[in-house]
Amino acid sequence: MSITDNIKAFKTEIESVNVRLVAVSKTKPIEDLMEAYKAGQRIFGENQVQELADKYEQLPKDIEWHLIGHLQTNKVKYIAPFISLIHSVDSLKLLTEINKQAEKNNRVIDCLLQVYIADEETKYGLGFDEVIELLESQEFTELKNIRIVGVMGIATNTENQKQINDEFYELRTLFEGLKIAYFKNEPSFKEISMGMSADYKIAIEQGSTLVRIGSDIFGERVIKHFKNQEEE
Ligand SMILES: *Cc1c(COP(=O)(O)O)cnc(C)c1O
């Protein structure tokens, strides 16, 4: 199927259950993004700041850009003027820098807290206790130019459907607990970003509001080897 067909099929499947589609276009050329755009797609997700900023420059300005990959504090300034949602906030230090750059741009930047749910050593994210610690901290309450609108998680890369289901369930349970404890009067705290090409159906069953789909839309990616590019 073409990118156009894939976008249309996903939109039909996902929007009928009130889930939004983030088209993950990392490593893909502008023409592919443009095809998705012409099929009606308006939310695109990228995992590298430079690539995201380049694509932002070249594409229509009514696109909502989401950063889904690890963000280094020294790169926040490149996306602060226009980014719609940062899915990958995993420290108070990073959040403080996003707040600072948002203030410079006279805006409020929406963020998700990336929570560690997978059974893998290498993934970024906050532990459940670290999420609480961040939200309870005095520094956090002083940040006026960021808004936490939900949580994000990546399940273990496994064939074990039950394990994936349990990990998404944990994330949703955390979301619900946070909502009651910290965001009761904030209707904007409503997003659970979970689900990729391999596991989005399970994620939707478990209450995902934003699925991040790459290869099922644009085809397989050629794996590039960046040596520690995203390490601080
Ligand atoms: C690449 C990526 C995706 C999309 O993965 P696919 O398996 O191609 O759908 C989703 N989320 C994150 C954080 C990613 O880095």
Side-chain angles (χ1 to χ4, degrees), residues 1-3 5-11 13-14 19-29 32-33 35-36 39 41 43-53 55 64-72 75 79 83-91 94 110-126 149-161 163-165 167-168 171-172 175 191-226 228-231:
M1 288 215 298
S2 66
I3 293 170
D5 293 338
N6 292 338
I7 291 287
K8 288 189 172 148
F10 264 108
K11 279 185 161 295
E13 179 179 356
I14 282 168
V19 175
R20 290 190 300 152
L21 174 64
V22 180
V24 176
S25 48
K26 60 191 185 195
T27 78
K28 298 295 175 184
D32 288 8
L33 280 75
E35 182 176 343
Q41 183 61 22
I43 308 176
F44 289 86
E46 291 280 337
N47 69 338
Q48 300 214 1
V49 166
Q50 188 59 54
E51 186 175 346
L52 193 159
K55 286 173 172 171
E64 238 188 70
W65 291 98
H66 290 197
L67 185 79
I68 60 168
H70 182 65
L71 177 57
Q72 293 173 233
K75 291 188 178 170
I79 55 170
I83 197 80
S84 288
L85 181 63
I86 299 174
H87 290 232
S88 45
V89 172
D90 60 0
S91 72
L94 176 58
D110 283 348
C111 297
L112 303 177
L113 296 176
Q114 181 171 353
V115 183
Y116 181 89
I117 52 170
D119 184 19
E120 288 166 2
E121 282 301 321
T122 55
K123 293 268 153 63
Y124 294 105
L126 296 156
V149 299
V151 294
M152 179 272 227
I154 304 172
T156 303
N157 184 8
T158 172
E159 295 293 310
N160 185 339
Q161 307 290 296
Q163 182 177 351
I164 295 169
N165 188 76
E167 290 172 0
F168 287 151
L171 185 60
R172 198 233 314 180
F175 168 85
E191 305 291 359
I192 307 178
S193 167
M194 59 185 188
M196 318 189 351
S197 295
D199 57 19
Y200 75 91
K201 283 182 201 285
I202 305 175
I204 290 172
E205 277 171 30
Q206 286 302 341
S208 173
T209 65
L210 282 169
V211 290
R212 311 177 307 267
I213 310 288
S215 37
D216 272 9
I217 294 172
F218 296 105
E220 291 300 321
R221 287 175 297 276
V222 179
I223 296 160
K224 290 194 235 169
H225 294 280
F226 295 107
N228 288 336
Q229 183 163 333
E230 292 300 305
E231 300 294 329

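Side chains included, hydrogens not; waters and symmetry mates left out as well; all remaining heavy atoms used. Indexing begins at 1, ligand by ligand and atom by atom, following the structure's order. Only a predicted model underlies this, so the values are computations on that prediction, with no experimental measurement involved.
- Judged by the shortest distance from any of its heavy atoms, H87 lies outside the 4.0 Å radius around the atoms of ligand 1.
- Ion pairing between K8 and E13 fails under the 4.0 Å rule for side-chain N and carboxylate O.
- Considering backbone and side-chain atoms alike, G214 places an N or O below 3.5 Å from some N or O of ligand 1.
- Counting protein heavy atoms only, atom 13 (C) of ligand 1 is closest to I68 O, 3.6 Å.
- Using cut-offs of 30° and 60° on the angle between ring planes, the pair F44 and W65 is tilted.
- Those atoms of ligand 1 that come under 4.0 Å of a heavy atom in I213, given as number and element, are 9 (O).
- In terms of protein heavy atoms, atom 9 (O) of ligand 1 is closest to S197 OG, 2.5 Å.
- In terms of polar-atom proximity, S215 is counted as a contact of ligand 1, with an N or O under 3.5 Å from an N or O of the ligand.
- One side chain, S193 or R212, offers a donor N or O that lies under 3.5 Å from an acceptor on the other.
- Closest to atom 14 (C) of ligand 1, if we only count protein heavy atoms, is K26 NZ, 3.0 Å.
- Within the structure, the closest approach of D216 to ligand 1 does not fall below 4.0 Å when heavy atoms are considered.
- Inspection of the N165 and Q206 side chains reveals an N or O donor paired with an N or O acceptor under 3.5 Å.
- Between the side chains of Q114 and S88, no donor-acceptor pair is found at a separation under 3.5 Å.
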- Item | Residue pair F10, Y200: steps toward the ring pair (Phe, Tyr, Trp, His ring centres under 6.0 Å) verdict | CA-CA 11 Å; F10 264 108; Y200 75 91; 5.1 Å; yes
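- Within ligand 1, the atoms closer than 4.0 Å to a non-hydrogen atom of R212 are 4 (C), 9 (O), 10 (C), 11 (N), 12 (C), 13 (C), numbered from 1 in the order shown.
- Summary of contacts: the protein heavy atom closest to atom 5 (O) of ligand 1 is M196 CE, 3.6 Å.
- Counting only N and O atoms by type, the side chains of H70 and Q72 include no donor and acceptor under 3.5 Å apart.
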